[in-house]
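Computed from a predicted model, the values in this text were never measured in an experiment.
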Amino acid sequence: MGEFKVHRVRFFNYVPSGIRCVAYNNQSNRLAVSRTDGTVEIYNLSANYFQEKFFPGHESRATEALCWAKGQRLFSAGLNGEIIEYDLQALNIKYAMDAFGGPIWSMAASPSGSQLLVGCEDGSVKLFQITPGKIQFERNFDRQKSRILSLSWRPSGTHIAAGSIDYISVFDVKSGSAIHKMLVDRQYMGVSKRKCIIWGVAFLSDGTVISVDSAGKVQFWDSATGTLVKNHLIANADVQSIAVSDQEDSFVVGTAEGTVFHFQLVSVTSNSSEKQWVRTKPFQHHTHDVRAVAHSPTALISGGTDTHLVIRPLMEKVEVKNYDAALRKITFPHRRLISCSKKKQLLLFQFAHHLELWQLGSTVATGKNGDTLPLSKDADHLLHLKTKGPENIICSCISPCGSWIAYSTASRFFLYRLSYERDNISLQRVSKMPAFLRSALQILFSEDSAKLFVASNQGSLHIIRLLEGSFKHLHTFQPQSVESMCLLAVSPDGNWLAASGTSAGVHVYNVKNLKLHCTVPAYNFPVTALAIAPSTNNLVIAHSDQQVFEYSIPDKQYTEWSRTIQKQGFHHLWLQRDTPITHISFHLKRPMHILLHDAYMFCIIDKSLPLPNDKTLLYNPLPPKNESDVIRRRTAHAFKISKIYKPLLFMDLLDERTLVAVERPLDDIIAQLPPPIKKKKFGT
Amino acid sequence: MVQLRPRVSRTPASASAMVDEGQPASEEEAEHGLLLGQPSSGAAAEPLQDDEEGDSEFDEDEAPEELTFASAQAEAREEERRVRETVRRDKALLKEKRKRREELFIEQKKRKLLPDTVLEKLTTAPQTTIKKSPGKLKEVILQKKNEECEKGSDSKKTKEKVQKVQSVGHNKSYLAVRLKDQDLRDSRQEAAKAFIQNCLYGPGTNRTTVNKFLSLDNKRLPVKKAAAQFLNNAWGTQRKQNAKRFKRRWMVRRMKTSKN
C-alpha cells in the first residue's frame with residue numbers, strides 16, 4: 001500500500017443545526033426533515049436512508065411545521081408568517097404565501113390531502129384549499145385567545161383539535177366553531193406558575209384526543225363530551241412531540257430529556273376485546289430535546305436539538321430480522337462540504353453563511369508507523385469569506401491550482417480570484433456573473449483550472465472558460481430528463497465530464513466535442529460519489545447501498561474488475577456499513593488503487609489483489625512484522641480498510657506520500673449545542 | 001326685583017345725578033313698554049310717571065321731559081340696528097378668519113403631496129406588470145407584495161392595504177413598500193422567537209450546561225473520572241496578547257544586549 005504522512009485536521013468547526021420538524025410520507029417512503037436554519041432535507045428511507053435532496057435554508061425562515069399533502073407536495077410554515085411550497089423536481093421553492101395571521105406555529109394537512117390547516121400567533125385557525133397550482137385561502141375558524149401551537153385532524157375530516165396555552169379546543173370543520181374547550185392542568189395534580197403549553201395533539205378516529213404538554217403529561221380526552229379520560233405523567237420536563245401510526249394502535253412521544261416513549265394499544269387481558277393504551281418502550285438515543293417524531297409503519301423516527309436523526313425500526317413490525325432492523329443514527333452530512341487544492345495544500349470549508357480557507361501545516365520530521373510528528377509550521381487560517389444576504393450557501397469549490405474560489409446560493413453565484421504568495425493573500429471578485437448560474441447544485445473546476453463546470457437546479461450543465469480575471473460562457477448541456485443533476489466528476493486530462501442525476505443513469509459528456517458520449521445504465525439506488533481515474537479514464541461510481549461500480553468511458557462498458565466483483569458480490573460487512581461513501585480519489589502512480597472513504601472508515605481498494613469472500617476477515621488489522629508470510633498472504637485481499645481516523649468528513653490524497661483526513665469528533669459538536677435538561681443522578 | 005325709588009338722602013345730593021338716573025330708567029321702561037306691544041299712544045304710553053314724580057321733588061319747576069313715542073321708537077330702532085350691525089360684522093369677521101385658515105391648510109397639504117404630474121401618471125398607469133429588478137431581497141419583496149395584492153382581491157377579509165407604486169418613468173424601477181408593515185411583521189416574529197426561547201430556555205426550565213451534563217457519566221463510572229471541561233479559548237485574550245508583545249520586546253532587548 002505504501003507509507004503515507006497523514007495530515008489530521010480537526011479545525012473544521014462544523015456544527016449541524018438542530019432538527020425542528022420531521023414529516024413522513026407513506027407512499028414514497030420518504031422523510032422530510034427541516035432544521036432550525038431553514039434547510040429542508042429529503043431522506044429516501046428505502047435507499048438505505050440516504051439524503052437525496054435538500055433545499056438550502058434562509059435566515060428569516062424559522063420553520064415551525066412541515067407536512068406532506070396529496071400528490072407528493074411538501075409544505076412548510078414558519079415564524080415569518082408564510083406558507084412555502086417546495087418543488088421537489090426543480091429543487092427550489094415554488095412560492096411563499098403569506099397567511100396574514102402573524103407567525104405560524106402549526107400546520108396540518110387534511111386526511112384527504114386536499115386541505116391545509118394553519119394555526120397562527122393571533123389565535124386564528126385558517127383553512128386553505130390546495131389547488132393544482134397553488135393554495136387558496138378558504139375561511140377562518142373561530143378565533144381563540146392565545147396562539148395555536150398544535151393542530152390535528154380527525155381521520156374522518158370532520159373535527160379538529162387545536163392545542164394552545166393552557167387549553168385545547170375542538171372545532172367542527174363544517175361550521176368552523178369551537179365545540180369544546182378543554183382546560184389543561186398546569187401541573188400534574190398541582191398548581192404551578194408556569195403556563196402549560198400544549199406542544200402536540202393527535203386526534204384518533206374514535207374521538208379520543210391525545211395531548212402532550214410542557215408539564216410532562218400525556219393526556220387522553222374524549223372529544224364528544226370534552227372531558228379528561230386518562231392522565232399519564234411520563235417526564236419531569238416537557239413532552240414536545242407526538243406522532244400516531246396509521247393503524248392507530250401505537251403512537252410515539254418525544255420528551256425534552258431526550259427520551260422517546262412508545263405507547264401501544266394492548267388488550268387488558270389476553271383474550272378480552274377491551275383495549276387500553278400502555279406505555280411500552282422507552283428509548284434514550286438523544287441527549288437534548290426531541291422536538292420532532294414521526295411514525296412510519298415499521299419504525300419510529302425522532303430528531304431534535306442534538307442534530308441526530310434516529311430511525312428505530314420496531315422489532316415486531318419488521319418481517320426479516322437482518323441488519324435492516326438495526327438502529328440508524330444519521331449525524332454527519334451525506335455530501336461533501338470540503339474541497340481541497342492539492343498544489344497549494346489549501347482546504348476550503350463550507351459553512352452555512354461563510355467559507356473558510358486554511359493552509360495546511362507542514363513538518364520536517366520523520367518517524368515510524370503510528371508516530372505523531374510535530375508541526376514545524378502551524379495550520380493557518382487564511383480567509384473568512386462571509387456571504388452577502390440571508391441565504392445559505394448551497395455548494396462551493398476551490399480550483400486545484402488554488403487561484404479560484406466559487407460558491408453559489410439560491411439566488412446568486414459568486415466567483416473569486418485568489419492570489420496567495422508568501423503570506424500575502426488577496427481576493428478579487430469577478431463581477432457580473434450570468435443569471436443562469438445561480439442556484440447551482442454542484443460546482444467543479446477542471447484539473448488545469450481553466451474550465452468551470454456548474455450543475456444548476458434546472459438540470460442543465462454549464463461550462464465556463466476561465467480567463468485571467470474574467471470568464472466566457474462556452475456551452476450548456478440541456479437536461480435529458482427533468483431531474484436535476486447532483487454530482488459531477490471531471491477526468492484529470494480534461495476530456496470527459498460525468499454528471500449524475502437523481503434517478504437517471506450517469507451521463508458522460510465529451511468536453512472537447514461538447515457532446516453527450518454515453519450513459520451508464522440506471523441503477524435503482526442514488527449515486528453518492530463519482531470520480532474518474534487519471535490514466536485509464538475509468539468512472540468509479542458509489543451508490544447508497546454500498547455498491548461500487550467501475551465503468552470504462554472510452555470502451556463504454558463496465559470493466560472486467562467491476563463485473564467480477566458484481567458476480568461475486570461484496571463482503572457482507574461492507575454492505576452493512578451505515579454511512580455512504582462521499583469521496584473517491586486516485587493515486588497518480590498506482591492505477592490499480594482506488595481510495596474511498598465514508599464517515600467511519602477509509603479504504604484503499606487494490607484491484608490487483610484477490611477479492612474477499614464472505615468468510616474472510618474484512619477489517620484485518622495491520623499484521624505485526626514478526627507474523628509469518630503465510631498468514632499475511634491468507635488475509636491479503638483487495639480491501640484495505642483503516643478505522644484509525646473517525647469520524648471522517650473528508651479524506652484525500654495530496655501527493656504521492658501525503659494524505660489529508662478531516663475529522664470531526666462528536667464531542668466537539670456536542671460542546672456547542674444549546675443546554676440540555678438537568679438530570680439528577682444519585683451520587684453526583 | 002322691585003325698582004326702589006331713589007330715596008331722599010340726608011346729605012344733599014346733586015340734582016343732576018338724580019335726574020340722570022331717572023331719565024334712562026324711564027327710557028328703558030318706555031322701550032320695554034313698546035316691545036311688549038302696548039299701545040303707542042294713550043295714557044299707558046306714559047308709564048311710571050311715579051319716578052319722575054319722585055325726582056320732581058327736587059326739580060319742581062322743571063317740567064318732565066316730553067318723550068314722544070315716535071322718538072322713542074326711532075331710538076329703539078336705531079339701537080336694534082346698531083346691535084344687528086355689530087353682530088353681522090362679528091360673524092363676517094369670523095367667517096373670513098375661518099376661510100383664511102382653511103386656505104392655509106389646503107396650501108400646506110398641497111405642498112406635502114407629490115407634484116400633480118406624478119400623481120396623474122400613477123393613476124393612469126396599469127397595475128399588473130412589475131419590472132423585475134435583478135436579484136436579492138428586492139425580488140423576494142416584490143413577490144411577497146404581489147401575493148398580498150392578489151390575495152387582497154380574492155378574499156373578503158380586511159387586510160393591510162399595500163401601497164403598490166408602479167415604476168414611474170422607464171429609466172427608474174422601484175417598489176414602494178409601507179415600512180410600517182415590515183416593522184410590524186419583524187416585531188411579531190421577534191416576539192414569537194422570544195416566546196419560544198422563554199418557554200424552552202427561560203427561567204423555570206430545568207436546564208444545565210453541556211459539560212455538566214456529560215460529566216454525569218464520568219462521575220458514575222466505577223473508576224471516577226474528572227468532569228468534562230471544554231477549553232475556553234476566548235479566556236484572557238488581552239492578557240495573552242500583552243504577554244506575546246512583551247515576550248517579543250524582551251527577546252529583542254536580549255539580542256541587543258547580547259550583541260553589545
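- Remark: side-chain polar atoms of B:Arg188 are not paired, donor with acceptor, to backbone N or O of A:Asn80 under 3.5 angstrom.
- Heavy-atom distances place the side chain of A:Arg147, and not its backbone, under 4.5 Å from chain B.
- The line from NZ of A:Lys195 to SG of B:Cys199 is 9.0 Å long, rounded to the nearest 0.5 Å.
- A:Asp238 has its side chain within reach of B:Leu200: a pair of non-hydrogen atoms, C-beta onward, lies under 4.5 Å apart.
- When heavy atoms are compared at a cutoff of 4.5 Å, A:Ile104 does not approach chain B at all.
- Atom-to-atom distance recorded for B:Lys193:NZ and A:Leu79:CG is 6.5 Å, nearest 0.5 angstrom.
- Heavy atoms closer than 4.5 Å to chain B are found in the side chain of A:Asp289, but not in its backbone.
- Interatomic distance, A:Lys678 NZ to B:Thr209 OG1, rounded to the nearest 0.5 Å: 9.0 Å.
- For B:Asn218, no part sits under 4.5 Å from any heavy atom of chain A, backbone or side chain.
- Counting heavy atoms from C-beta on, the side chains of B:Ile196 and A:Glu64 come closer than 4.5 Å.
- Note: A:Leu673 CG to B:Phe213 CZ = 10.5 Å, rounded to the nearest 0.5 Å.
- A:Lys679 has its side chain out of reach of B:Asn206: every pair of non-hydrogen atoms, C-beta onward, lies at least 4.5 Å apart.
- Of the two parts of B:Thr205, the backbone and the side chain both hold a non-hydrogen atom closer than 4.5 Å to a non-hydrogen atom of chain A.
- Ring geometry for B:Phe195 against A:Trp105 counts as perpendicular: the plane angle is over 60°, on a 0 to 90° scale with 30° as the lower cut.
- Heavy-atom distances place no part of A:Glu138 under 4.5 Å from chain B, backbone and side chain included.
- Between the side chain of B:Gln189 and the backbone N or O of A:Ser60, at least one donor-acceptor pair lies under 3.5 Å.
- Heavy atoms of A:Ser192 lying under 4.5 Å from chain B are absent altogether.
- Residues A:Pro676 and B:Val210 have side chains in contact (heavy-atom distance under 4.5 Å, counting atoms from C-beta outward).
- Between A:Ile670 and B:Leu214, some side-chain heavy-atom pair lies under the 4.5 Å cut-off.
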